[in-house]
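The model shown is predicted, which means the values in this text are computed figures rather than measured ones. Residue numbers start from 1 in every chain, and the chains themselves are labelled A, B, ... in the order their sequence lines are given, proteins ahead of strands.
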Amino acid sequence: DSGVTQTPKHLITATGQRVTLRCSPRSGDLSVYWYQQSLDQGLQFLIQYYNGEERAKGNILERFSAQQFPDLHSELNLSSLELGDSALYFCASSDGTSGGSLYEQYFGPGTRLTVT
Amino acid sequence: TQLLEQSPQFLSIQEGENLTVYCNSSSVFSSLQWYRQEPGEGPVLLVTVVTGGEVKKLKRLTFQFGDARKDSSLHITAAQPGDTGLYLCAGAYEGGGADGLTFGKGTHLIIQP
């Protein structure tokens, strides 16, 4: 158990809909990262928040957005869903204070999103 | 886009054999990590290497970071069925800016009893 929790475990929805995925980081971790994993693309970094502020963006679509709340939990919002958005979505956390060279991240169990 | 290539993509061997998987890039890493992922679960961090030439051992797993910090290898001795899984390397690039890791596509390892 990494200490990172994600809900829901599974989500099935239709094209055009909007969903919200939730993540609670490990106790004491300030950074939260979101990743998308699909069979053909592997694990892709989407976005990072640090202590409530957006810190870095990766390959995140404009239809997707995220935020980190004062209690440090984070939500990833996916809108206007398409079939190709079906994937595993992982949240990871780190303490954010390891310096520039470590980046050790701890992953949650993921949310499996199926868009039909 | 910085690429991180892993090889082989798939590997199926018998229990007791040794194996090595590789992770390569044309760019220099400030740090590199190896993760193991089982189906339907999140990646689990195995090791972080930071210094060029560094070697770390975790029981039967030996991780090596290239001298130039552009490549890494994972060697498993006397593989066991419990080693089955997806092995991912992930790198943080020097000067990359973002804290997000760049992942390779992984090596799918199957150890047959």
Inspect the surroundings of [atom1] in [X] and state if more than 12 heavy atoms from other residues, nucleotides or ligands are less than 6.0 Å away.
X       : atom1 : value
E62(A)  : CD    : no
L39(A)  : CG    : no
Q80(B)  : CD    : yes
R112(A) : CZ    : no
K9(A)   : NZ    : yes

Per-residue contacts, residues 37-47 of chain B versus chain A, heavy atoms under 4.5 Å
Q37(B), G40(B), E41(B), G42(B), P43(B), L45(B)
Determine whether I47(A) and L81(A) fall in the same hydrophobic cluster, where Ile, Leu, Val, Met, Phe, Trp and Tyr are linked whenever their side-chain heavy atoms lie under 4.5 Å apart.
yes
Is there a path of hydrophobic side-chain contacts, each under 4.5 Å between heavy atoms of I/L/V/M/F/W/Y residues, joining L113(A) to F107(A)?
no
By side chain to side chain contact (heavy atoms under 4.5 Å, CB included), which residues pair with E15(B), not counting sequence neighbours?
P81(B), I111(B), P113(B)
Counting C-beta onward and ignoring hydrogens, is there a side-chain heavy-atom pair between Y35(A) and L101(B) closer than 4.5 Å?
yes
Centroid separation under 6.0 Å, is that true for the rings of F103(B) and F45(A)?
no
For L43(A) and Y35(B), what are the C-alpha separation, side-chain angles and deciding distance, and is it a side-chain contact (heavy atoms from CB on, under 4.5 Å)?
CA-CA 12 Å; L43(A) 203 61; Y35(B) 291 80; over 6 Å; no
Check whether Q37(A) gets within reach of chain B through its side chain, its backbone, both or neither, counting any heavy atom under 4.5 Å.
side chain
